[in-house]
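Order of the sequence lines fixes the chain letters, A, B, ..., with proteins taken first and strands second; residue numbering starts at 1 for each chain.
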Amino acid sequence: MVFVLFNTLTQRKEEFTLPAGRDVLYYTCGPTVHDYAHIGNFRTFVVQDVLKRWLEAGGHRVKHIMNITDVDEKTIERAARKKIPLASLTEKYEKVFFEDLDCLNIKRAESYPRVSDNIDKIAEMVAGLYEKGHAIRDKAGSYYFDINTFPDFGRLSGKTPHRKIRALMQREDYRAPKNFLLWKRCESDHGIKCFESQLGRGLPGWHIECASLATSFLGPTIDIHSGGLDLTFPHHENEIAEAEAYTGRRFARFWVHVEHLDVFGRKMSKSLGNFFTLRQIIKRGYDPRAIRFLYLQTHYRSKIAFDFNKLDDAQRAVFILDEVVNSLAEVEKYGANDYTDEIAKFKSGFSESMDDDLGTDRAATLFIVFLRDVNRVLVDKQLSNTAVKNIGDTINWAIDVFGLLEGCESQQ
RNA sequence: GCCAGGGUAGCCUAGGAGCGAGGCGGCAGACUGCAGAUCUGCUCUACAUGAGUGCGACUCUCAUCCCUGGCUCCA
């Protein structure tokens with residue numbers, strides 16, 4: 001069986017291969033812990049979780065690293081506004097984030113390195129880029145990546161580094177029109193968090209933290225790097241430039257980007273104010289598994305137009321699942337139907353869909369249909385002893401791939 | 001402007017050259033103390049427009065119209 005995955009870098013589906021016996025090196029961009037994450041954010045994390053589960057179901061071991069951004073403008077601003085220490089803000093929302101992950105039954109990564117714990121590594125990378133001539137330093141002591149020294153810049157996002165980039169990069173972070181921030185010098189500490197490092201007192205740029213954490217925890221070349229679609233540019237584009245300029249090696253083999261979840265016709269986002277948190281959804285009485293299932297009912301490269309009718313549908317599917325699982329456990333009278341063909345057909349159809357660029361949408365449909373059919377034959381009491389056992393195993397297999405075990409109770 | 005993705009019965013979606021679309025909703029029935037869930041049956045029988053290539057297109061090609069999203073913060 002061949003697993004193919006769409007690679008943003010090449011804009012096409014490619015077979016996912018790996019030298020025998022090696023772990024899959026998997027890096028996903030984690031949250032900035034300044035607030036509750038919303039259900040749009042969690043779509044990405046759930047898809048990434050299912051990707052990991054499918055790789056594992058295929059016999060791979062996956063070494064997964066996800067960063068925690070606990071130092072950046074947003075966290076610093078927010079802590080300052082609330083007049084609380086930065087750490088107490090980020091600790092709170094980091095805890096909340098992990099609770100939500102558990103609630104959604106998202107498997108834990110191998111490690112969740114915090115930016116604040118890895119300043120030295122990041123500073124070292126910046127210093128290295130400077131030595132190699134890929135960075136420029138201004139009079140104040142801030143460092144910027146010089147994209148003129150990286151000819152491949154723009155390849156991932158398909159943007160050419162000419163007029164477009166120039167137009168895009170006008171913020172103050174981009175000292176010269178084409179460059180982006182690596183390390184921001186900060187002198188005083190009045191309410192602002194600054195770190196001591198070999199570069200002096202300052203704060204790391206956003207892109208360099210992922211480039212640094214990914215390469216230092218997983219090595220110069222990772223197999224899969226994933227994030228939300230909106231990270232393609234500039235975040236991932238910049239990461240590639242930093243990492244490849246620094247290591248001289250290819251940074252990531254596969255880039256996997258997850259589409260957005262829309263609501264009221266717009267991308268769900270904090271700045272638009274049109275978001276729901278996981279907690280709000282649960283408070284309305286929904287099973288977290290319903291949200292998971294809702295995510296998986298749409299292919300990860302398509303937008304989901306979120307609405308509560310769809311969530312109701314997904315909730316219903318989860319009920320049917322529970323119903324069938326319970327009924328299977330209570331079967332007392334057996335028939336002669338081994339159900340062999342139906343089980344085999346479902347398993348191969350499900351696998352085939354998943355192998356084709358993680359087709360959870362088709363797999364989900366097949367799963368529902370399978371459950372309905374099983375439910376029907378259960379009523380007729382036709383199933384044999386073996387059938388009941390095999391169906392149970394098959395359902396558990398699908399539950400495991402989709403991660404539909406109950407994470408948290410519908411507590412608020 | 002650039003890039004991407006769409007237009008499928010009341011709504012939401014899947015499809016792929018020929019074969020009964022699926023779910024929701026609606027209607028009826030079974031089950032049930034009621035309700036929900038579940039089960040059965042019924043309802044509805046669609047693919048933006050124009051042209052082209054096919055024996056044959058909703059499905060391929062080329063146009064056209066319309067819609068949506070992204071593009072220096074963002075999963």
Side-chain angles (χ1 to χ4, degrees), chain A residues 8 11 28-32 34-35 37-49 66-67 69 72-74 77 97 100 154 156-160 162-174 177-181 206-207 226-238 256-262 264-272 275 285 294-295 297-324 326-327 353 359 361-366 368-369 371-380:
Chain A
T8 308
Q11 289 292 312
T28 58
C29 290
T32 301
H34 69 290
D35 200 348
H38 58 65
I39 57 170
N41 301 126
F42 283 117
R43 177 188 186 183
T44 299
F45 301 136
V46 166
V47 167
Q48 291 168 340
D49 181 52
M66 176 186 254
N67 68 299
T69 301
D72 78 327
E73 280 175 32
K74 254 183 269 174
E77 249 172 50
F97 177 68
D100 287 351
L156 179 73
S157 55
K159 294 181 195 302
T160 49
H162 306 303
R163 56 184 189 286
K164 248 176 261 172
I165 301 272
R166 193 183 311 246
L168 290 171
M169 294 185 164
Q170 295 292 350
R171 294 183 68 230
E172 68 166 285
D173 282 0
Y174 300 83
K178 291 182 181 177
N179 302 321
F180 58 89
L181 182 78
W206 176 38
H207 319 297
S226 172
L229 188 72
D230 47 6
L231 296 186
T232 312
F233 183 88
H235 185 55
H236 290 157
E237 196 71 76
N238 292 355
V256 175
H257 290 104
V258 183
E259 249 292 4
H260 293 302
L261 182 143
D262 287 3
F264 308 135
R266 302 296 302 278
K267 180 172 80 166
M268 182 174 285
S269 83
K270 288 279 164 51
S271 48
L272 293 169
F275 62 91
L294 168 75
Y295 293 146
Q297 280 184 298
T298 301
H299 186 80
Y300 76 92
R301 288 193 287 121
S302 299
K303 283 191 253 287
I304 297 177
F306 176 82
D307 73 60
F308 282 99
N309 290 334
K310 286 182 188 172
L311 191 53
D312 289 336
D313 285 359
Q315 176 99 307
R316 213 166 282 129
V318 171
F319 277 140
I320 294 172
L321 173 62
D322 287 342
E323 184 99 356
V324 171
N326 291 335
S327 305
S353 304
D361 51 333
R362 277 167 293 146
T365 303
L366 291 173
I368 297 174
V369 170
L371 290 169
R372 284 174 161 279
D373 291 345
V374 167
N375 208 359
R376 210 163 318 191
V377 287
L378 271 172
V379 170
D380 297 340

Closest of B:rA75, B:rC24, B:rU38 to the A:Asp313 side chain is B:rC24
Pair partner, B:rA46 [Watson-Crick or wobble, under 3.5 Å]:
none
So if I take every side-chain heavy atom of A:Asn375 and compare against B:rA75, B:rA37, B:rC39, which nucleotide ends up nearest?
B:rC39
Using heavy-atom distances to pick each residue's nearest nucleotide on RNA chain B, tell me which of A:Asp361 and A:Glu323 is more 5'.
A:Asp361
Span that lies between the C1' atom of B:rG22 and that of B:rA46, in whole angstrom:
13 Å
Considering only side-chain heavy atoms of A:Lys310, which listed nucleotide, B:rG15, B:rC12, B:rG70, is closest?
B:rC12
Using 4.0 Å as the upper bound for N to carboxylate O, is an ion pair formed by A:Asp313 and A:Lys310?
no
Students often get this wrong, so: under 4.0 angstrom with heavy atoms, is A:Ile368 touching a base, only sugar-phosphate, or nothing?
nothing
With both distances under 3.5 angstrom, what nucleotide forms a Watson-Crick or G-U wobble pair with B:rC60?
B:rG52
With C1' as the reference atom in both, quote the distance from B:rC31 to B:rU40 in angstrom, rounded to an integer.
11 Å
Residue-phosphate contact under 4.0 Å: A:Arg376 side-chain N/O, B:rU40 OP1/OP2:
yes
Is there a Watson-Crick or G-U wobble partner for B:rA14 with both distances under 3.5 Å, and which nucleotide is it?
none
Take the angle between the ring planes of A:His236 and A:His257 and call it parallel below 30°, perpendicular above 60°, tilted in between.
tilted
Both distances under 3.5 Å, Watson-Crick or G-U wobble: report the partner of B:rA4, or none.
B:rU68
For A:Leu261 and A:Ile39 the tightest heavy-atom approach is CD1-O, 4.0 Å
With rounding to the closest Å, how many angstrom separate the P atoms on B:rU61 and B:rA4?
15 Å
Could you tell me if the side chain of A:Tyr295 sits less than 4.5 Å from the side chain of A:Ile304, heavy atoms only?
yes
So how far is it from A:His34 NE2 to A:Lys270 NZ, rounded to the nearest 0.5 Å?
5.0 Å
Go through B:rG69, B:rC73, B:rA75 for me and flag the one nearest to the A:Ser271 side chain.
B:rC73
Find the partner of B:rU32: check Watson-Crick (N1-N3 plus N6-O4 or O6-N4) and G-U wobble (N1-O2, O6-N3) distances, both under 3.5 Å, and reply none if neither fits.
none
Rounded to whole angstrom, note down the P distance from B:rU38 over to B:rC62.
45 Å
Could you identify the nucleotide paired to B:rG41, looking across every strand shown and requiring Watson-Crick or G-U wobble geometry with both distances under 3.5 Å?
B:rC27
Using a 4.0 Å heavy-atom cut-off across all strands, classify A:His260 as base, sugar-phosphate, or nothing.
base
If you measure from the P atom in B:rG15 to the same atom in B:rC66, how many Å do you get, rounded?
27 Å
Taking any heavy-atom pair under 4.0 Å as a contact, classify A:Lys303: base, sugar-phosphate, or nothing.
sugar-phosphate
Consider the side chain of A:Arg362, meaning its heavy atoms from C-beta on, and name the nucleotide among B:rG69, B:rC12, B:rG15 that approaches it most closely.
B:rG15
Say we look at B:rG56 and B:rG18: how far apart would their P atoms be, to the nearest angstrom?
15 Å
Using a cut-off of 4.0 Å on non-hydrogen atoms, how would the nucleic acid contact of A:Gly227 be classed: base, sugar-phosphate, or nothing?
sugar-phosphate
At 4.0 Å (heavy atoms only), tell me whether A:Arg372 reaches a base, stays on the sugar-phosphate, or touches nothing.
sugar-phosphate
Distance, P atom - from B:rA28 to B:rC11, rounded to whole angstrom:
23 Å
Side chains of A:Leu229 and A:Lys267: does their closest heavy-atom pair fall under 4.5 Å?
no
Would you find a donor on one side and an acceptor on the other, under 3.5 Å apart, between the side chain of A:Thr28 and the backbone of A:Ser226?
no
What is the distance, to the nearest angstrom, from the CZ atom on A:Arg301 to the C1' atom on B:rA14?
16 Å
On a whole-Å scale, what distance lies between the P atoms belonging to B:rC42 and B:rG23?
12 Å
Could you tell me whether the phosphate oxygens of B:rG23, OP1 or OP2, come under 4.0 Å of any side-chain nitrogen or oxygen in A:Arg316?
no
Distance, rounded to the nearest Å, where A:Leu371 contributes CG and B:rG23 contributes P
14 Å
